[in-house]
Amino acid sequence: MADIRLWNTKTRRKERLDPIDSGNVRMYVCGPTVYDRAHMGNARPVIVFDTLFRLLRHVYGADHVTYVRNFTDVDDKIIRRAEESGRPIGAITEETIRWYHEDMGALGVLTPTHEPRATAFIGEMIAMIAGLVADGFAYEAEGHVLFAVEKYAEYGALSGRSVEDMIAGARVEVAPYKRNPMDFVLWKPSTDDLPGWDSPWGRGRPGWHIECSAMSLALLGESFDIHGGGNDLMFPHHENEIAQSRCAHPEGEFARIWMHNEMLQVEGKKMSKSLGNFFTVHDVLEQGVPGEVIRFVYLSTHYRKPMDWTAEKARQAEKTLRKWYAQAAQGAAEGKPYVGVVNALSDDLNTAKAIAECHQLSLADDVSTLRYTLQLLGLMEDEVPEWAKSPDVDLSEHEARLAAARAAAMENKDFSEVDRLKAAYLAAGVEVRMSKGGVELVPGDDFDAAKLEASI
RNA sequence: GGCGAGUUGGCGGAGUGGUGACGCAGCGGAUUGCAAAUCCGUGCACGGGGGUUCGAUUCCCCCACUCGCCUCCA
């Protein structure tokens, strides 16, 4: 069995993955707040952890991995969106979840084992909060329930901060009912016009962080193997999750290995609406960039490094993928992924190295291994994607015509007709291959049948 | 101000205490009527300064620059 080593943010070291139960390897990844289309940045952790999910399934068996990625469907951003649009919250979240599945599916992302919605686990959240209050880790104040960070000595360990330092930074929300400025909300009151659930502290709704603690407990248990997300979540979200879960269940370990991906940039700059470089995944797909190309570009940078999305990278990725797909299409029905790629992925998900190994498979023309390796990487399913298939057209008459013209030209040394035909074919997106062996016409991805007929 | 990440050839991007992958582009060659495609070959880099070491791009320190987080933005 391959030895999987992963960088653990918590210990700041690469550690060997030693599953608590190798018959059920468990991973939790923070999913989206569903109020709008997923943007290109959102897609990075999705692709990164999907690739890890695929590796785990390959190593431990598809039935021995449990992957949980939540939907946050109760949140102030959603409430705001509902107020702005006049649409019901449920309609917004349902629509957004549907979009999410469509867009991520286009990127070759597998559906996780469980995709829990926060609103389906309110009871579990209330139970956990009640326990924290009962044990003195949390307190009620003005309808809110707050976690008292001073009660958890290791608060800040994940992100390398101390409560004192953070207070000195003085960029925390000022709220008079907080005992410590760093205390965070577990439960907050809802007015009648806002979504709310009955609780021991009155009608209200959960704070953001508690859902992940409650849902990971319900679906993965007190201790599980991997917890992932973007590094912007490291503080405060993950720090707060740890505090809640460890205090609620001190006998559990919560997550053993914490993984965080770096952020995405666009053409060297932070993606932002004001810079006009803000794209949703849907936008990019609509522009005609195939999902496999997006995925390839993401995989070409290691997940712990900042990644720059550029049009040039997409162009090169498409070129490479077309070449590989043409080879993979010839692969045998049975095969296995390349061990060099499995090893690269096993070394802290070195996807860039994995792609380099694929180049070697391509060079060696090992079409079957390439095929199953691309499948492991999520770059193709059973078949080559439609967009990468050659247009199904019969150019044999044109080939014969060009061959005849060429033969004649060889005799009389007048190549004008050959050159004219060649130029016309090229203009119509047909690749012209002439050699001693004969003439071959290959329709390219920009093949235009109408243009071909018009110009010949 | 605090915490963290990064700085490798023209571009992208791995990696290592001792001849620095791979891809794209470039250059040379084979091939071609000329090309294209393909194949073969090839030049080019470890931000700056110290230190440890027989030897550092790789370890340590300092500096510069870039970026992220600290505002429930992945």
Side-chain angles (χ1 to χ4, degrees), chain A residues 9 12 29-33 36 38-49 69 72 75-77 156 158-162 164-173 182 184-185 188 206-211 228-240 260-265 268-273 278 296-297 299-308 310 312-313 315-317 319-320 323 344 347 350-360 362-363 406 409-416 418-419 422-423 425-426 430-437 440-442 444:
Chain A
T9 307
R12 291 163 214 285
V29 173
C30 294
T33 298
D36 206 348
H39 64 244
M40 289 293 278
N42 291 314
R44 194 167 186 198
V46 180
I47 291 173
V48 165
F49 292 105
R69 188 187 60 208
T72 299
D75 179 273
D76 288 355
K77 286 196 292 291
L158 179 69
S159 52
R161 306 151 197 251
S162 69
E164 293 71 33
D165 288 345
M166 288 184 276
I167 293 171
R171 294 188 71 176
V172 290
E173 184 189 354
M182 293 309 298
F184 58 91
V185 173
K188 52 188 163 188
W208 173 38
H209 316 293
I210 194 70
E211 64 174 86
N231 75 357
D232 56 332
L233 293 180
M234 206 161 99
F235 184 89
H237 183 57
H238 290 161
E239 207 72 75
N240 294 352
H260 293 95
N261 61 276
E262 253 293 349
M263 299 291 104
L264 176 94
Q265 295 187 312
K269 290 179 180 155
K270 178 172 177 165
M271 184 169 71
S272 73
K273 286 176 180 168
F278 184 94
F296 183 101
V297 171
L299 294 183
S300 67
T301 298
H302 185 84
Y303 76 93
R304 283 194 287 115
K305 284 196 170 187
M307 198 211 97
D308 196 16
T310 66
E312 174 60 17
K313 282 186 183 177
R315 194 192 64 74
Q316 279 195 17
K319 189 176 163 189
T320 301
K323 179 176 148 191
D347 181 12
N350 193 339
T351 51
K353 177 86 178 298
I355 285 176
E357 297 286 352
C358 288
H359 279 294
Q360 298 316 299
S362 172
L363 191 64
R406 182 160 171 260
M410 295 289 209
E411 292 297 319
N412 60 26
K413 301 298 175 197
D414 177 7
F415 287 91
S416 58
V418 176
D419 288 337
K422 192 172 75 177
Y425 290 132
L426 291 175
V430 177
E431 188 186 303
V432 179
R433 298 179 185 174
M434 288 188 279
S435 67
K436 276 200 176 69
E440 195 182 357
L441 296 178
V442 182

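Within every chain, numbering begins at 1; the chains are lettered A, B, ... in the order of the sequence lines, protein sequences first and strands thereafter.
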Asks: Could I get the full list of ring-ring contact (aromatic ring centres under 6.0 Å, His included) partners for Y425(A), not counting sequence neighbours?
Replies: H398(A)

Asks: Can a side chain N or O of K313(A) be found less than 4.0 Å away from OP1 or OP2 on G13(B)?
Replies: yes

Asks: Kindly give the atom pairs (protein nitrogen or oxygen, nucleotide nitrogen or oxygen) under 3.5 Å for nucleotides 42-46 of chain B.
Replies:
none

Asks: Which residues pass the side chain to side chain donor-acceptor pair (under 3.5 Å) test with D75(A), sequence neighbours left out?
Replies: none

Asks: Can you give the dot-bracket line for RNA chain B, where a pair is Watson-Crick or G-U wobble with both atom distances under 3.5 Å, crossing pairs use [ ], and | marks a partner on another strand?
Replies: (((((((..(((.....[...))).(((((.......)))))....(((((..]....))))))))))))....

Asks: Go through the structure and list residues passing side chain to side chain donor-acceptor pair (under 3.5 Å) with D232(A), not counting sequence neighbours.
Replies: none

Asks: Verify the contact: side-chain N or O of N350(A) to OP1 or OP2 of G15(B), cut-off strictly under 4.0 Å; return yes or no.
Replies: yes

Asks: For W208(A) and H302(A), find the nucleotide of RNA chain B closest to each by heavy atoms; which residue's nucleotide sits nearer the 5' end?
Replies: H302(A)

Asks: Check nucleotides 3-8 of chain B against the protein and report each pair of N or O atoms closer than 3.5 Å, with its distance, or say if there are none.
Replies:
residue : atom : partner : partner atom : Å
C3(B)   : O2'  : S159(A) : O            : 2.7
U7(B)   : OP1  : K305(A) : NZ           : 3.2

Asks: List in chain and number order the residues that pass ring-ring contact (aromatic ring centres under 6.0 Å, His included) with F184(A), two or more places apart in sequence or in another chain; answer none if no residue qualifies.
Replies: F147(A), H209(A)

Asks: Does K353(A) make a side-chain N or O approach to OP1 or OP2 of G23(B) shorter than 4.0 Å?
Replies: no

Asks: Suppose we screen for side chain to side chain donor-acceptor pair (under 3.5 Å). Which residues come up paired with H238(A), at least two apart in sequence or across chains?
Replies: H260(A)

Asks: Using the salt bridge (Lys or Arg N to Asp or Glu O under 4.0 Å) criterion, which residues pair with D76(A)? Sequence neighbours excluded.
Replies: K188(A), R205(A)

Asks: Scan nucleotides 27-36 of chain B nucleotide by nucleotide, 5' to 3', and note B when protein non-hydrogen atoms come under 4.0 Å of the base, S if they reach only the sugar-phosphate, - if neither.
Replies: ----SSBBBB

Asks: E312(A): what forms a side chain to side chain donor-acceptor pair (under 3.5 Å) with it, not counting sequence neighbours?
Replies: R315(A), Q316(A)

Asks: Polar atoms only, N or O, under 3.5 Å: list the protein pairs with nucleotides 57-59 of chain B and their distances.
Replies:
none

